[in-house]
Amino acid sequence: MILPIYIYGQPVLRKVAEDIPLDYPNLKELIANMFETMDRADGVGLAAPQVGLPIRVVTIDLDVLSEDMPEFKGFRKAYINAHILETSDDQVSMDEGCLSLPGIHETVKRANKIRVKYLDENLEAHEEEVEGYLARVMQHEFDHLEGKMFIDHLSALRKQMVKGKLNAMLKGKAHCSYKTKTVR
Ligand code: NI
C-alpha cells in the first residue's frame, strides 16, 4: 500500500523517534509499504516519520543506482531501531534532496564514515562501519529519526535562499508527483 509522504511543517518530522518493541504489530507490512511508497516516489531512502510514524524504522534501496554503482546491485534493506554510534572527522560534500522537501536540492557536508547499530528485517542485531555513499544516505535517513532534516545543515545564506519554497510547503503547496500530506 502506498502511504502519503509527510511534507515539511508536519510536526512528526521534528520529533525524536522511538525504538520499537520486537513484537511491534504489522512491522513486516509497514516495511513493505515503506518500500512501495519510496519506489513510487523515486526515493533511495525513507524514514518512518516521513509516513507519519515517530518510530526508528528506515528503508534504503540503492539497487536503483547500481547501473552507476555496481556495488549496490540488489541493495534493499530495512533498518530497525537504528542509531549512529560514531562519525568520522573527515567530511564530504554532496547534493541532497528529500521526499519531505520537494523541489529543494542543496549541498550538504557529512561524515565520510560512520559506525551504526540496528536490527535487520529479521530482527537480528548488527553493528557496522559504513562509508561513502551508503554512509551519506544513512546519515540523511537517521537524521530523520532525530527530528532533523537536511536543510538544518545549510548555512544561514543557503537557508535564506530556500525560505520561499519552505513557506510554500507550509501553505500546502508541495509540487510533486507522489501522494503527500501537508500541514494545510
Ligand atoms: Ni529525507
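Here the structure is a predicted model, which means the values were calculated and not measured. Just so you know, ligand 1 is whichever comes first in the structure, and atom 1 is the first atom listed for that ligand. When reading the values below, keep in mind they use all heavy atoms of this one structure, side chains included, and skip hydrogens, waters and symmetry mates.
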(request) Fit a plane to each ring of Tyr118 and His126, take the angle between them on a 0 to 90° scale, and name the class: parallel (under 30°), tilted (30 to 60°) or perpendicular (over 60°). (result)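 Parallel: the ring planes of Tyr118 and His126 meet at under 30°.
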(request) Start with the C-alpha gap between Glu128 and Lys117, add the side-chain angles, then the distance that decides, and say whether salt bridge (Lys or Arg N to Asp or Glu O under 4.0 Å) holds. (result) CA-CA 7 Å; Glu128 55 193 39; Lys117 66 165 190 178; over 6 Å; no
(request) Might you point out which heavy atoms bring Pro49 and Leu13 nearest each other, and give the distance in Å? (result)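 Closest approach of Pro49 to Leu13, heavy atoms only: O-CD2, 3.7 Å.
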(message) Once side-chain hydrogen bond (donor to acceptor under 3.5 Å, both in side chains) is applied, do any residues pair with Arg76, and if so which ones, sequence neighbours excluded?
(response)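 Checked Arg76 against side-chain hydrogen bond (donor to acceptor under 3.5 Å, both in side chains); matches are Asp39, Asp61.
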Can I get a per-line list of side-chain donor-acceptor pairs under 3.5 Å for residues 172-182, giving both atom names and the distance, sequence neighbours left out?
| residue | atom | partner | partner atom | Å |
| --- | --- | --- | --- | --- |
| Tyr178 | OH | Leu99 | O | 2.7 |
| Lys179 | NZ | Ile2 | O | 3.4 |
| Thr182 | OG1 | Arg184 | O | 2.7 |

(message) Ser100: which residues meet the side-chain hydrogen bond (donor to acceptor under 3.5 Å, both in side chains) condition with it, sequence neighbours left out?
(response)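 side-chain hydrogen bond (donor to acceptor under 3.5 Å, both in side chains) check on Ser100 returns Gln50.
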(message) Ignoring waters, how many N, O or S atoms from the protein are under 2.8 Å from the Ni ion (ligand 1)?
(response)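 Excluding waters, the total comes to 3.
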